[in-house]
Amino acid sequence: MVPSPQPGAVLNVPPAPPAHYARNFIRLAVCELRFPTLFELDGAAPPVALSKALRKEYPTYETLKLLVNTGGGNVMADAHGFRSKKNRWTVVLRSSALALETSHYDSFADFEVRVEKMIDAARSTIDTDFFTRVGLRYINHLPCKTSDLDGWVNPELVQPLTAGVFGDVAQHFLRVRGTTDVGGYTFTHAIGDSRVPGAIFDGTNADTKPSDAVYMIDLDFFREEVAVGDAMTTLRQLHEREFALFDWSLGPKAKEHLGNSDLEAKK
Amino acid sequence: MLDTPLVSSQEIAQRLRSSDRRGHEQTAVVDRTGASSYGTLIFSQRAAPAVTLDITGTLAEAREQPARPEQRSADEQAVASARDARLQLVALKYEGRASTEDMARLHILTLRLRKLAPRVDAEALSNLEQAVGSIERVAENLAEIDRELDAL
């Protein structure tokens, strides 16, 4: 660990009040629940109990052969995919993880309801009373040119870039890993690849075009060893801290683009 | 014979804390665009299930063999299932390929097998040794009685 001025310090950004904006930058939102491995879930057929429980909201089933990026490398994995109508939400079940992901995120309230239903549906299938890891990840793409970030991103993060110190860059990213009072986090802000959520843009790659570049704010908060009964409380805690860092990382133009929160309007 | 010492649920959590994974992983994002270029799965990372050779038997051989139980009991099935899964995980562990989730399931199965098929503990062994000792003393006494009767 790189020592900070205050050894043992955790993420320290101002708390942000709950908000629900008319617009958001979320390209992908994922909640991943890892559990002790069950090899029988690698089978060709999906677990019957889970299929029945999910059928109403996720009527489309498909088998998936996935390249899973776990941060420590890429791994091929078999998985069962359950999609909602219009393919906006997907439940993915692997031998050691259950995940809910969406590219049409609207509010945390909706998201947590779906996560809770997913956990209830899978409880008997996953045969465990604890999750080895609960992860909540938001990948945001800002609707601005990567050459014009001034005002969109907190200047404390991008000042040398916006000041032209680095000139025209083919690649730029900063990844921070640290701890919070409830677990850990990975914060990546970067020129990302708009084609692949979470991927870093690489201008030296002949397959990429300048138009693929997008400014990305990728927030991944997690907690390990969580009892199944505590998963939802943990999820809310992760979301609260994640939103605080997200809020801190934005500049005034980004906040203006988000608009007013209707949670404030209701007050 | 299980070689993993008895562990409690709390110890499972403690062992997981000592894992090398701490803080170095991200919430996985499914990369379907990357996967599509791989097409059909070429290989499996898991060990292939054991293949049993089944020799075509003759009617005479079938008549000679004692009838097998139609079905294992539920307990026997549970033990067999847990043991098979545990063996796969032990193999991964010793290959150095076991993930945190694999190790967690290994600990769960070890506990489960301890309950379903408990091994002989030190107390049971001691009781057996005492019983053997008693039997040997009784046998010695009987032998002594026989010698005295023979001498009469």
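Each chain gets a letter, A, B and so on, in the order its sequence line appears, and its residues count up from 1.
B/A85 and A/F39 make their closest contact through O-CE1, 4.2 Å (heavy atoms, listed as atom of the first residue, atom of the second, distance). Contact record, A/R34 with B/A28: NH2-N, 4.1 Å, taken as the closest heavy-atom pair.
In terms of heavy-atom pairs under 4.5 Å with chain B, the best-connected choice from A/L38, A/L136, A/T128 is A/L38.
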How far apart are the C-alpha atoms of A/D127 and B/R112, what are their side-chain angles, what is the distance that settles it, and do they pass the side chain to side chain contact (heavy atoms under 4.5 Å, CB included) test?
-> CA-CA 12 Å; A/D127 187 24; B/R112 194 169 288 172; 3.1 Å; yes

Go through A/Y138 and B/T27 one step at a time and tell me if the side chain to side chain contact (heavy atoms under 4.5 Å, CB included) criterion holds.
-> CA-CA 10 Å; A/Y138 290 97; B/T27 300; over 6 Å; no

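Both the backbone and the side chain of B/L89 come within less than 4.5 Å of a heavy atom of chain A. In this structure, no portion of A/R223 lies under 4.5 Å from any heavy atom of chain B.
Judged purely by distance below 3.5 Å, without hydrogens or angles, the side chains of A/T37 and B/E101 never pair a donor atom with an acceptor atom.
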